[in-house]
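Just so we're clear, the structure is a prediction, and the values are computed from it rather than from any experiment. These values consider heavy atoms only, across backbone and side chains, with no hydrogens, waters or symmetry-generated copies.
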Amino acid sequence: MHFEIMRLDDIDGTAVDSTVVEAASVNRIVQQAAAIGQRLWIRPAGTPAP
């Protein structure tokens, strides 16, 4: 399964970039983001935005 991970702007929460990764990579990316206080939005790849 693949997930889209979007990095969010600290001010207004808009997505500033995104990447699609395999499920095995999600935990590592979340840990790295948590270490620096980065906000992420994660969803299954191929799912339309709400």
Side-chain angles (χ1 to χ4, degrees):
M1 181 169 209
H2 290 87
F3 290 89
E4 180 179 16
I5 300 178
M6 290 169 271
R7 187 169 51 96
L8 303 178
D9 182 79
D10 291 336
I11 304 299
D12 62 8
T14 58
V16 294
D17 66 10
S18 70
T19 187
V20 175
V21 299
E22 292 187 10
S25 299
V26 173
N27 187 46
R28 176 183 51 83
I29 293 169
V30 169
Q31 293 296 326
Q32 290 173 341
I36 61 172
Q38 190 174 59
R39 295 169 48 193
L40 301 176
W41 178 17
I42 303 170
R43 66 181 180 181
T47 302

Taking the side chain as every heavy atom from C-beta outward, state whether Ile29 and Val26 have any pair of such atoms under 4.5 Å apart. no
Given the ring of Trp41, does Arg43 sit roughly above its face, with NZ or CZ under 6.0 Å from the centre of the six-membered ring and within 45° of the axis? yes
If the condition is salt bridge (charged side-chain N to carboxylate O under 4.0 Å, His left out), which residues does Asp17 pass it with, not counting sequence neighbours? Arg7
Considering non-hydrogen atoms only, spot the tightest contact between Ala45 and Val20 and give its length. CB-CG1, 3.9 Å
Side chains of Thr14 and Leu8: does their closest heavy-atom pair fall under 4.5 Å? no
Cluster check Met6, Val16: I/L/V/M/F/W/Y, side chain < 4.5 angstrom: no
Would you say CD1 of Ile36 has more than 12 non-hydrogen atoms from neighbouring residues, nucleotides or ligands within 6.0 angstrom? yes
Does the side chain of Pro44 come within less than 4.5 Å of Met1's, by heavy atoms? yes
Kindly give the heavy-atom pair with the smallest separation between Leu40 and Ala33, and that separation in Å. CD1-CB, 3.5 Å
What is the minimum heavy-atom distance between Gly13 and Arg39, and which atoms define it? CA-NH2, 3.6 Å
